[in-house]
J.: 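One structure, as structure tokens, below. Some questions next.
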Amino acid sequence: MNYLFFDIECSNCFGGHGKICSLGYVLADSRFNVLEQKDILVNPKSKFYLRRGNGEGIELGYPEEEFFKAPDFASLYPRFKELLEDPEVIVFGHSVNNDINFLLSECVRYKQPYFTFNAYDTQILHRHFMPESKENGLGKICETFEIPVDNLHRSDYDAYLTMQVAKKICEIKHTDIEGLLHECPDCYYSVDNGVVKNHYAVISYTKRLASFAKHIKPDTVLLKRSKIVDKHFCFSMSFEKDKFKQALLLVNFIRRYGGVYSQKLSKMHYFLPYGEECLRTKNVLQVVASENITLLDEAMLLDMLGIPQKMYDEACTWSIGRLRNYGMPKGRKPKAKKPVADNADGNGNKTKASKPSQSD
């Protein structure tokens, strides 16, 4: 399987729609050997307005007249479709949700059928594996990794840097790209019939569950008869989203019995599949036997934790405070922490003046 790293530049984003002026890509093999690299210029049929939010201008890799000499998006659409929908490649981008939406908005502008493909975000991979870093922009991440940077905002070069970031994370974590994707399923996006499923958006529920778990301390009485001390539990992303308050109740009991709520595949002991098969569930099912992971349904988990069915059914009506404080001795309350904000799309600012910034 080969990897396609791609990047898009826009002439402007007036009206919230990016007018594509270039799509660059690097095609590499599984060892990150470059097989092909190309920058495809596009006539945006719209004027250039290239400024960051602070008003500072940027410079693209070519003079404006070069872009206006190029074919327009409709003419290049078959080539882009062939690249992105190739079943023999895995697609990557940095803050890829931006680039996906630029493609879709251009499909609308030029009355072309929507693209259908999957993509992975190196920005999210970096966040996951380098949590101590506060950087989100491609250029800044390259600086921290000591990757030479000398020509940002030329699409094929930015695609090349995106590949270098993925390669560096693999080297640091002593794994290959497949290993990264197994450990960080939340970097996955799918595009189908004009709908972008930002699977990372669901991570807001995961973050809130992890933050909630920090408030809950093991119960010394329950620990004496617990069989799950230090056992790691995880739920499907669909369950976290669709039954969030029930998930909070389960995490409360898991913690009180000395268990751990964690999304790390390498440490998982018990997993609860649910509903639509998310990427996390797919990854677990692929290794369930080799990693000795036990699959549970809700009834099995309730029985293991001693939770009455009636309480579980009613948990969806409870307040977050009641779910957090349930089982605590009277007079003992957890220290208040700032709530984890819901994240609509999980994207940070991409260091491209021609693209609208989005905050975490």
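All figures in this text were calculated on a predicted structure; none of them were measured in a lab.
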J.: Calculate, to the nearest 0.5 Å, the distance between atoms NE2 and NZ belonging to His269 and Lys231 respectively.
T.: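 Those atoms lie 4.5 Å apart.
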J.: Going through the checks in order, is the salt bridge (Lys or Arg N to Asp or Glu O under 4.0 Å) test met by Asp219 and Lys217?
T.: CA-CA 6 Å; Asp219 187 306; Lys217 305 299 180 186; over 6 Å; no
J.: So does Asn292 have more than 12 non-hydrogen atoms from other groups sitting under 6.0 Å from CG?
T.: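 For Asn292, atom CG is not crowded (no more than 12 foreign heavy atoms under 6.0 Å).
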J.: Going by distance alone, is a donor N or O of one side chain under 3.5 Å from an acceptor N or O of the other, for Asp72 and Ser75?
T.: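 Asp72 vs Ser75: donor-acceptor pair found between side chains.
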J.: Do the side chains of Leu272 and Met268 join up, straight or via other hydrophobic residues, at under 4.5 Å, putting them in one cluster?
T.: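 No, Leu272 and Met268 fall in different hydrophobic clusters.
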J.: Parallel under 30°, tilted from 30 to 60°, perpendicular over 60°: which one fits the rings of His126 and Phe145?
T.: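 Rings of His126 and Phe145: perpendicular, over 60°.
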J.: Same hydrophobic cluster for Val229 and Tyr270, using side-chain heavy-atom links shorter than 4.5 Å among ILVMFWY?
T.: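 No, because Val229 and Tyr270 fall into different hydrophobic clusters, even though each may have its own neighbours under 4.5 Å.
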J.: Tell me whether Leu301 is reachable from Leu209 by hopping between hydrophobic residues (I, L, V, M, F, W, Y) whose side-chain heavy atoms are closer than 4.5 Å.
T.: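 Same cluster.
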J.: For Asp230, is the CG atom crowded, meaning more than 12 foreign heavy atoms sit under 6.0 Å from it?
T.: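 Atom CG in Asp230 is not crowded, with 12 or fewer foreign heavy atoms closer than 6.0 Å.
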J.: Let me see the working for Lys45 and Glu106 under salt bridge (Lys or Arg N to Asp or Glu O under 4.0 Å), right down to the final yes or no.
T.: CA-CA 11 Å; Lys45 292 192 172 179; Glu106 290 291 68; over 6 Å; no
J.: List the steps and the verdict of ring pair (Phe, Tyr, Trp, His ring centres under 6.0 Å) for Phe115 and Phe80.
T.: CA-CA 9 Å; Phe115 297 92; Phe80 296 159; 7.4 Å; no
J.: Are the aromatic ring centres of Phe233 and Tyr261 under 6.0 angstrom apart?
T.: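 Ring-ring flag for Phe233/Tyr261: false, centres at least 6.0 Å apart.
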J.: Take atom OH of Tyr160 as the centre, draw a 6.0 Å sphere, and report whether it contains more than 12 heavy atoms from other residues, nucleotides or ligands.
T.: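 Not more than 12 within 6.0 Å, no.
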J.: Starting from Phe271, can I reach Leu305 by hopping between I/L/V/M/F/W/Y residues whose side chains sit under 4.5 Å apart?
T.: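 Hydrophobic grouping puts Leu305 apart from Phe271.
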J.: Verify side chain to side chain donor-acceptor pair (under 3.5 Å) between Asn193 and Thr116, making sure each step is shown before the conclusion.
T.: CA-CA 7 Å; Asn193 196 29; Thr116 298; over 6 Å; no
J.: Is the closest side-chain donor-acceptor distance between Tyr157 and Asp150 under 3.5 Å?
T.: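 Yes - a donor-acceptor pair under 3.5 Å links their side chains.
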J.: Checking side-chain contact (heavy atoms from CB on, under 4.5 Å) against Gln246, which of Phe235, Trp318, Tyr312 comes through?
T.: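 With Gln246 as partner, side-chain contact (heavy atoms from CB on, under 4.5 Å) holds for just one option, Tyr312.
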J.: Write down the atom of Ser11, the atom of Pro44, and the distance for their closest heavy-atom approach.
T.: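 Heavy atoms only, the tightest pair is OG-CB, 3.4 Å.
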J.: For His94, run the side chain to side chain donor-acceptor pair (under 3.5 Å) check against Asn136, Thr122, Asp7 and tell me which one passes.
T.: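 Of all the options given, the one that passes is Thr122.
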J.: Where does the angle between the aromatic ring planes of Phe6 and Phe117 fall among parallel (under 30°), tilted (30 to 60°) and perpendicular (over 60°)?
T.: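 Judged by the thresholds at 30° and 60°, the geometry between Phe6 and Phe117 is perpendicular.
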J.: Before we go on, tell me: are the rings of Phe244 and Phe239 under 6.0 Å apart, centre to centre?
T.: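 Centroid distance Phe244-Phe239: not below 6.0 Å, so no.
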J.: Show your working on salt bridge (Lys or Arg N to Asp or Glu O under 4.0 Å) between Lys243 and Glu298 and close with a plain yes or no.
T.: CA-CA 11 Å; Lys243 292 194 171 184; Glu298 291 172 85; 2.9 Å; yes
J.: To the closest 0.5 Å, what do you measure between OG (Ser95) and CG (Asp121)?
T.: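 Reported to 0.5 Å precision, the distance equals 6.0 Å.
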J.: For the residue pair Tyr120 and Tyr188, categorise the inter-ring angle as parallel (less than 30°), tilted (30 to 60°) or perpendicular (more than 60°).
T.: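 Rings of Tyr120 and Tyr188: tilted, 30 to 60°.
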J.: How long is the straight-line distance from NZ of Lys241 back to OG1 of Thr206, given to the nearest 0.5 Å?
T.: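 It comes to 12.0 Å.
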J.: Before you tell me yes or no, could you show the steps for Tyr326 and Phe253 under ring pair (Phe, Tyr, Trp, His ring centres under 6.0 Å), namely the whole-Å CA-CA distance, both residues' side-chain angles and the distance that decides it to 0.1 Å?
T.: CA-CA 9 Å; Tyr326 182 83; Phe253 275 78; 5.7 Å; yes
J.: Tell me whether Glu240 is salt-bridged to Arg208, with the criterion being a basic N under 4.0 Å from an acidic carboxylate O.
T.: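 No, Glu240 and Arg208 are not salt-bridged.
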J.: Under 6.0 Å from the CD atom of Glu65, do we count more than 12 heavy atoms belonging to anything else shown?
T.: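 Counting neighbours around CD of Glu65, more than 12 heavy atoms of other residues, nucleotides or ligands fall under 6.0 Å, so yes.
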J.: Any sub-3.5 Å donor-acceptor pair from Ser105's side-chain atoms to Phe102's backbone N or O?
T.: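 Checking the backbone N and O of Phe102 against the side chain of Ser105, a donor-acceptor pair under 3.5 Å is found.
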J.: Before you tell me yes or no, could you show the steps for Val165 and Leu161 under side-chain contact (heavy atoms from CB on, under 4.5 Å), namely the whole-Å CA-CA distance, both residues' side-chain angles and the distance that decides it to 0.1 Å?
T.: CA-CA 6 Å; Val165 167; Leu161 293 179; 5.6 Å; no
J.: What's the spacing between Glu171 CD and Gln164 CD if we round to 0.5 Å?
T.: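 Here the rounded value is 8.5 Å.
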J.: Supply the atom-to-atom distance Lys38 NZ to Tyr25 OH, rounded to the nearest 0.5 angstrom.
T.: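 So the NZ of Lys38 and the OH of Tyr25 are separated by 5.5 Å.
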J.: Using the benzene-type ring in the case of Trp, are the ring centres of Phe92 and Tyr3 under 6.0 Å apart?
T.: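 Yes, ring centres under 6.0 Å apart.
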J.: Taking the six-membered ring for Trp, are the ring centroids of Tyr62 and Phe67 within less than 6.0 Å of each other?
T.: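 Ring centres of Phe67 and Tyr62 closer than 6.0 Å.
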J.: Hydrophobic clustering (ILVMFWY, side-chain heavy atoms < 4.5 Å, transitive) - are Tyr274 and Leu265 grouped together?
T.: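 Different clusters: Leu265 never reaches Tyr274 through Ile, Leu, Val, Met, Phe, Trp or Tyr contacts under 4.5 Å.
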J.: Mind checking the CD1-CG spacing from Ile124 to Leu180? Nearest 0.5 Å is all I need.
T.: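 The CD1 atom of Ile124 sits 13.5 Å away from the CG atom of Leu180.
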J.: At their closest point, which heavy atom of Val196 faces which heavy atom of Asn97, and how far apart are they?
T.: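 Closest approach of Val196 to Asn97: CG1-OD1, 3.6 Å.
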